[in-house]
Amino acid sequence: MSMLKEKFAQLRQQQKTALVPFITAGDPLPEITVDLMQDLVAAGADIIELGIPFSDPMADGPVIQRASERALEYHVSLRDVLEMVSRFRQMDSETPVVLMGYLNPIEIMGYQNFAEQAAKAGVDGVLVVDLPPEEGQEFQQIMLQHGLDQIYLVAPTSTAARIERICELSGGFVYYVSVKGVTGASHLDIESLDEKLKQIRENTDLPVGVGFGIKDAETAAAVSQVSDAVVVGSALVSRVEALADQPEKIGAALRETLSNMRQAMDNAVHK
Amino acid sequence: MVTTTEKMIGNYPDERGHFGPYGGLFVSETLMDPLDELREAYQHFMQDEAFLKELDEDLKHYVGRPSPIYHAKRWSEELNGAQIYLKREDLNHTGAHKVNNTVGQALLARHMGKTRIIAETGAGQHGVASATVAARLGLECVVYMGAVDIARQEANVYRMRLLGAEVRSVESGSKTLKDALNEAMRDWVTNVDNTFYIIGTVAGPHPYPAMVRDFQSVIGREARRQMPEQAGRQPDALVACVGGGSNAIGLFYPYLDDREVAIYGVEAAGSGLDSGQHAAPLCAGKPGVLHGNRTYLMEDKDGQIIETHSVSAGLDYPGVGPEHAWLKDSGRANYVAVTDQEALAAFHDLTRIEGIIPALESSHALAYAAKLAQTMRRDQIVLVNLSGRGDKDMHTVAAQEGLKI
């Protein structure tokens, strides 16, 4: 059983929704990323989503773009990211790690090489933002061969036919992009979200996570009542940004933000 | 007047936008359905007689097509080689080939019921061409432009504002064209219901490379008809500059099946290919994925996109249209590069000898054409796409000579 599957089974038993924080690897300093990942687990993270820095993050809002820029000042490469996961794995063998990024750094490393190294480092799933199922067949085959889950996005604009197809191909969980827009956008509408998630669940037994636009504990709690996982990115990364010059304070800040979300989610009356 | 109703040739791209291994649809899920909608609308209207008639009328009366072909006799004489002919896209309304595409896409936007136009721009030519057609159709227009480009292309920024467009400064990344494109995509993904994104070159996700090519190939279709009338036959070689590659594909595409016509795309070698300071992905880059398609890119060993350098802002782009990548690999077209200095020399030559001030982008094509002509016989013909005029470049050229105007 994959670690993601195991984690979601566990949470289902405990009637809990997964809390999935996102940070960009190497932001603001490569040497503190592994510590930050542990801070996130201590504050209640169930799964960690780690961003691979890219020079042209087309689907991201300004907060996560700037995180990539800060990491790239230190030339953080995909190999460096895998190295970080590997070090994290030595200290934590239970928290699944999902990499999120864009295709070009993976393509230049080579699909096969990437999959081997990622599996070896202890990566559990990969979400490639600009690789829709239509272009992803070869990559998916190789991911499967190495026991890695490929996570696909479903968007508000996805048609019924696309949702069906994406659900068929997804591994680990299905990631619903809750707003039309880039990461960090606002205006999340819980009611229409619930409807869309129901539509997705008609097509799959996989857990459904929700991300893009979850900016505080209140939203996290509300979303946790209709979803299986809540992904929080920009809200955390903007705290990293505010403390980029005082990196020693970032861990505590992330713990604070995330544990507030955890609490709000756990206190919310469950579905 | 050659009409757009003439059959489009060639079998590429395939149904999902692939030119061999290049092109495709590499975007986030949110854009998949809007791109599908665009593809369907585009395919529908390109078969629609009324739409095509309207497009032809606009190209004729608003853009000023057909653009003439001019025999640069004095320059050819001086070079003492093949005869150089110029396809005068510089004489189009707004001063460059860009408007052929924006007229087409804006018309499509209106037929799709979109009320808002967005565009990215580098040198400002595509931004101006987009603002122009938006003004004419009464559509709201937002143009994304890198902060660095805004600083070096003030006149075009002002032109866009005069035309009623909002110019938004892009402060992320390298603050140039590629970042403007990222930002326009972000806008589109957010406002996809009412917004039409007019991409200015033959890059981006399917159907853009094919759609922009089809709108621009009016250049080559006209040339194929004009050359026999004017020179008695088709040219031996075609030469065009390649940034994203829209003017080049516009000239090349209708000639692809004419195997006896040699094709040359000219990239910007900046300070020289060996210097690393250039914008020549086809000559010195490698394949990768950026801005929705697989193509040749300027990237580092980790797959990060690197900054480009060219005296010409319009060629300052780290990628290139996927069809050019395919034409390179298939051997149908040759891709070469000329330096800033060579392009500037050609700029001055054409200005002094023929009384035509070319855009710095087009000057790259002229520089290579001059070299090529000198290796050919005097009864042979080189047709150069003079893609734009140089008015916008006065500041840059003067600065090269230490002058401030």
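Since the structure is predicted, the reported quantities are computational estimates derived from the model, not experimental observations. Convention: sequence-line order gives letters A, B, ...; per-chain numbering from 1.
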Name the option with the most non-hydrogen atom pairs under 4.5 Å to chain A; the candidates are B:Thr190, B:Asp187, B:Val192, B:Asn191.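 Most heavy-atom pairs under 4.5 Å with chain A: B:Thr190.
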Quiz question: by atom type and distance under 3.5 Å, do the side chains of B:Ser172 and A:Glu69 form a donor-acceptor pair? no
Quiz question: by atom type and distance under 3.5 Å, do the side chains of B:His18 and A:Glu135 form a donor-acceptor pair?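 Indeed, the side chains of B:His18 and A:Glu135 share at least one donor-acceptor pair under 3.5 Å.
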Between [atom1] of [X] and [atom2] of [Y], what distance do you get to the nearest 0.5 Å?
| X | Y | atom1 | atom2 | answer |
| --- | --- | --- | --- | --- |
| A:His75 | B:Asp302 | NE2 | CG | 9.0 Å |
| B:Met185 | A:Asp130 | CE | CG | 10.5 Å |
| B:Ile306 | A:Ser55 | CD1 | OG | 9.5 Å |
| B:Ser28 | A:Tyr102 | OG | OH | 7.5 Å |

I'd like to know whether [atom1] of [X] has more than 12 heavy-atom contacts from other residues, nucleotides or ligands below 6.0 angstrom.
| X | atom1 | result |
| --- | --- | --- |
| B:Lys286 | NZ | yes |
| B:Lys175 | NZ | no |
| B:Asn194 | CG | yes |
| A:Arg87 | CZ | yes |
| A:Glu31 | CD | yes |

Contact between [X] and [Y] at the side-chain level, heavy atoms closer than 4.5 Å - yes or no?
| X | Y | answer |
| --- | --- | --- |
| A:Thr157 | B:Met32 | no |
| A:Val177 | B:Glu29 | no |
| A:Pro57 | B:Arg186 | yes |
| B:Glu299 | A:Ile108 | yes |
| A:Asp56 | B:Lys178 | yes |
| B:Gln304 | A:Phe54 | yes |
| B:Val289 | A:Leu103 | yes |

Does a side-chain N-to-carboxylate-O contact under 4.0 Å join B:Asp33 and A:Arg162?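 Not counted as a salt bridge, because no side-chain N and carboxylate O are separated by less than 4.0 Å.
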Applying side-chain contact (heavy atoms from CB on, under 4.5 Å) to A:Val179 and B:Thr30, what does each step give before you reach the verdict? CA-CA 9 Å; A:Val179 290; B:Thr30 314; over 6 Å; no
As an exercise: rank [options] by heavy-atom pairs under 4.5 Å with chain B and give me the winner.
| options | value |
| --- | --- |
| A:Val154, A:Leu72, A:Leu78 | A:Leu72 |
| A:Ile106, A:Thr159, A:Asp60 | A:Asp60 |
| A:Ser77, A:Pro105, A:Ala59, A:Pro132 | A:Pro132 |

So what's closer than 4.5 Å to chain A heavy atoms on [X]: side chain, backbone, both or neither?
| X | value |
| --- | --- |
| B:Asp193 | side chain |
| B:Lys301 | backbone |
| B:Glu171 | neither |
| B:Pro205 | neither |
| B:Leu297 | side chain |
| B:Leu290 | side chain |
| B:His291 | both |

What are the two closest heavy atoms between A:Met58 and B:Val27, and how far apart are they?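 For A:Met58 versus B:Val27, the nearest heavy atoms are CE-CG1, 4.5 Å.
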Select one option (side chain, backbone, both, neither) describing which atoms of A:Asp80 are under 4.5 Å from chain B's heavy atoms. neither
